[in-house]
Amino acid sequence: MEDYYKEILDSKENLNRTKINIARKYNLNKIPKNIELNLENPDFNLKTKPVRTISGVAPIAIMTYPENCKHGSCIFCPGGVGSYFGDVPKSYTGNEPASMRAIRNRFDPYLQVFNRLEHYILMKQFPSKVELIIMGGTFPSYEISYQDEFITYAFKAMNDFSEMFFDDGEFNFDKFKEFFMLPHEVKNKDIMKNVQEKLLLLKGISNLEKEQFRNETSKIRCTVMNVETKPDWCFEPHLNQMLKLGTTRVEIGVQTLYDEILKITNRGHNLEDTKRAIQLSKDSFLKTCIHMMPGLPKTTEEMDINNFKQLFEDENYKPDALKIYPCMVMPGTP
C-alpha cells in the first residue's frame, strides 16, 4: 500500500488523474484540493505552489494601515484614506492578495503573519527562514512608535507560532489543526473571527528587543526584512531607524531619473534626493532595490530607454535589484 501511494504522489499527473477518477467514482461535487488531502492525512506531503519557497526562504508580505503621504499624492497613485477604492494603503486598490489579507486581518501585523504562516503549513511548506516584506506605503514616514510596534508583533507572531506548534523540533500537525479549527470552508467568517480572537489574546504586550532576541533561536526566523520607501524618507535618521528594526533590504521608489518628470508627477523630491538616498543605503550595508516606472506622463520612449541605461552605467545608481512598474491610468487619480 505504501508503494501504491508513493507511485501516485511522485507524479503530479498521476495524482491529478487519481483525484479525478475518485471524484467521478463517488460522485463528488468537486475535485479535492491537495490542501484538503493534506489535512485528512498528515503523512501526505503534497506541496502546493512549491516555487514560493524554492530559494529556501518564505516571503511574507504584510501591510501597514492606510495613511496618506505627507507630501500629498503622486498623480499616478491610487489608494489612501478616503480614496476611490475606500480606505486602503497608498498605491493599492484593496483587491491585491496581500491587501485583501491585510484587510481581513485588520492591518494587524500579528494576525497577518500568523495567517500567512498557516497558509504555508497547509501548502506543506515549512517556513523556517522568512523574508518579511513591509508593504502599504512609505514605512519610514509612519510614527516611530507605530514602526516599532508593527515590527515587534511581526517578530512575535513568528516566535509564538514556533513555540505553539513545534514539540521537540517536530511540527505538531494535530495541535495546528485544532487551533485553526481545520478543516473548514475558506470563507467561514465565524471561524475566522474565532481564530482571530484567540490570537489577539495571545498577542499580549512585548517590545522590539525582546522579540528580536527570541527570534534568534526561533524555529521560524526572519532572515530578510524588506522596507519600501521614497527617496526623501531614506536619509540618515530614517536609515538608522530601519537598521534598528532589523532591515536588510530597502526598496526605493525612484520611478524616473528626470527632475522635470518628478515635478510633473508630484513625487515630493528631486533627483539629488534619489542619489543621496541610494548612496546612504549602500553606506548602511543595505541591499538596494530600485522601482522604475516607464510610461509616465510627458516621457518618451527614448527617455525611458535612457533611464535604464543610466541606472546601470552611472555610479550614483547601480542597484542590487530592480522592479519595473509600467505606469497605468487608475480611477480616482489625476
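Along the sequence shown, the residues carry numbers beginning at 1.
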Is Lys219 salt-bridged to Glu163, cutoff N-O under 4.0 Å?
no
Under the criterion side chain to side chain contact (heavy atoms under 4.5 Å, CB included), I'd like the reasoning laid out for Ile62 against Phe150: C-alpha separation, chi angles, the key distance, then a yes or no.
CA-CA 10 Å; Ile62 58 176; Phe150 193 85; 3.4 Å; yes
Compare every heavy atom of Gly56 with every heavy atom of Lys129, then report the nearest pair and how far apart it is.
CB-O, 3.7 Å
Distance check, rounded to the nearest 0.5 Å: Ile75 atom CD1 versus Leu296 atom CG?
7.5 Å
Test of understanding: clusters of I, L, V, M, F, W, Y form through side-chain heavy atoms closer than 4.5 Å, transitively. Do Val254 and Phe139 belong to the same one?
yes
With a 4.5 Å heavy-atom cut-off, do Leu208 and Leu245 have their side chains touching?
yes
Going through the distances and angles, do Lys263 and Glu260 end up as a salt bridge (charged side-chain N to carboxylate O under 4.0 Å, His left out)?
CA-CA 5 Å; Lys263 189 172 182 180; Glu260 62 268 33; over 6 Å; no
Should we say atom CD of Glu197 is surrounded by more than 12 heavy atoms from elsewhere, each under 6.0 Å from it?
yes
Does the ring center of Phe171 lie less than 6.0 Å from the ring center of Phe126?
yes
Heavy atoms of Pro127 and Leu117 approach each other most closely as CG-CD2, 3.6 Å
For Glu131 and Arg249, what are the C-alpha separation, side-chain angles and deciding distance, and is it a salt bridge (charged side-chain N to carboxylate O under 4.0 Å, His left out)?
CA-CA 10 Å; Glu131 176 185 1; Arg249 183 174 69 232; 2.3 Å; yes
Does some side-chain heavy atom of Asn105 sit less than 4.5 Å from a side-chain heavy atom of Arg101?
yes
Are Ile205 and Val113 linked, directly or through intermediate hydrophobic residues, by side-chain heavy-atom contacts shorter than 4.5 Å (ILVMFWY only)?
yes
State, yes or no, whether a side-chain contact exists between Lys323 and Cys289 at a heavy-atom distance under 4.5 Å.
yes
Between the side chains of Thr93 and Glu96, does any donor sit under 3.5 Å from an acceptor?
yes
Among Tyr120, Phe155, Phe114, Phe166, find the one that has a ring-ring contact (aromatic ring centres under 6.0 Å, His included) with Phe161.
Phe114
Report yes if the distance between the aromatic ring centroids of Tyr65 and Tyr142 is under 6.0 Å, otherwise no.
yes
Is there a side-chain contact between Val130 and Ile220 (heavy atoms, below 4.5 Å)?
yes
Give the minimum heavy-atom separation between Cys222 and Leu132, together with the two atoms involved.
SG-CB, 3.9 Å
Checking side chain to side chain contact (heavy atoms under 4.5 Å, CB included) for the pair Thr247/Leu243: CA distance, chi angles, key distance, verdict?
CA-CA 5 Å; Thr247 305; Leu243 292 169; 5.7 Å; no
Tell me whether Ile121 shares a hydrophobic cluster with Leu111, the cluster being built from Ile, Leu, Val, Met, Phe, Trp, Tyr side chains joined at under 4.5 Å.
yes
Which heavy atom in Phe85 sits nearest to a heavy atom in Pro78, and how many Å separate them?
CE1-CB, 3.7 Å
Any donor-acceptor N/O pair, His71 side chain to Asp232 backbone, under 3.5 Å:
no
Are Tyr317 and Phe312 an aromatic pair, judged by ring center distance below 6.0 Å?
no
Under 3.5 Å, is there a donor-acceptor pair between the Asn215 and Asn159 side chains?
yes
To the nearest 0.5 Å, atom OG of Ser218 lies from atom CZ of Arg214 at 7.5 Å
If we ignore hydrogens and angles and just use 3.5 Å, is the side chain of Ser83 paired with the main-chain N or O of Gly86 as donor and acceptor?
yes
Shortest non-hydrogen pair, Val88 vs Gly94, comes out as CG1-CA, 3.9 Å
Leu201 and Tyr153: same hydrophobic cluster, using ILVMFWY side-chain contacts below 4.5 Å?
no
Is there a donor in the side chain of Asn307 and an acceptor in the side chain of Tyr258, or the other way round, less than 3.5 Å apart?
no
Measure the spacing between CD of Glu118 and CZ of Arg116 and express it to the nearest 0.5 Å.
10.5 Å
Is a donor from one side chain sitting under 3.5 angstrom from an acceptor on the other, for Lys90 and Ser73?
yes
Does a side-chain heavy-atom distance below 4.5 Å link Thr274 with His269?
yes
Do Phe213 and Ile151 belong together in a cluster built from hydrophobic side chains that touch within less than 4.5 Å?
no
Are Lys189 and Lys193 packed together at the side-chain level, in the sense that at least one heavy-atom pair is separated by less than 4.5 angstrom?
no
Would you confirm whether Thr53, through its side chain, and Val57, through its main-chain N or O, come within 3.5 Å as a donor-acceptor pair?
no
With no hydrogens and no angle check, do the side chains of Asp190 and Asn188 hold a donor and an acceptor under 3.5 Å apart?
no
Using distance alone, with no hydrogens and no angle criterion, decide if Glu251 and His291 have a side-chain donor and acceptor under 3.5 Å apart.
yes
Pick out which of Lys210, Gln147, Glu211 makes a side chain to side chain contact (heavy atoms under 4.5 Å, CB included) with Thr152.
Glu211
Let me confirm one number: the CD-CG distance from Glu143 to Asp148, rounded to the nearest 0.5 Å.
11.0 Å
Verify, without hydrogens or angle tests, whether Asp304 (side chain) and Pro294 (backbone) share a donor-acceptor contact under 3.5 angstrom.
no
Can you tell me how far apart CE (Met242) and CG (Asn226) are? Round to the nearest 0.5 Å.
10.0 Å
Donor-acceptor contact below 3.5 Å, side chain Asp87 vs main chain Val81
no
For Leu311 and Leu322, work out which heavy atoms get closest and say how close.
CD2-CD1, 3.7 Å
Hydrogens and angles aside, do Gln241 and Lys244 bring a side-chain donor and acceptor to less than 3.5 Å of each other?
yes
Do Lys203 and Asp108 sit within salt-bridge range, that is, some charged N less than 4.0 Å from a carboxylate O?
yes
Hey, could you give me the OG1/CG distance between Thr256 and Leu271, rounded to the nearest 0.5 Å?
8.0 Å
Side chain to side chain contact (heavy atoms under 4.5 Å, CB included), that's the test. Do Phe179 and Phe165 meet it? Break it down for me.
CA-CA 10 Å; Phe179 184 87; Phe165 301 120; 3.9 Å; yes
So Phe107 and Pro66, do their side chains get closer than 4.5 Å, heavy atoms only?
yes
Please walk me through it: do Lys230 and Asp273 pass salt bridge (charged side-chain N to carboxylate O under 4.0 Å, His left out)?
CA-CA 9 Å; Lys230 287 172 67 256; Asp273 293 330; over 6 Å; no
Check the pair Tyr110, Gln196 against side chain to side chain contact (heavy atoms under 4.5 Å, CB included), reporting the backbone distance first and the verdict last.
CA-CA 10 Å; Tyr110 192 78; Gln196 286 184 350; over 6 Å; no
How about NZ on Lys70, more than 12 heavy atoms from neighbouring residues, nucleotides or ligands closer than 6.0 Å, or not?
yes
Are Gln112 and Arg106 linked by a side-chain donor-acceptor pair shorter than 3.5 Å?
no
Taking Gly137's backbone N and O only, do any of them form a donor-acceptor pair with Glu67's side chain (distance below 3.5 Å, no angle check)?
no
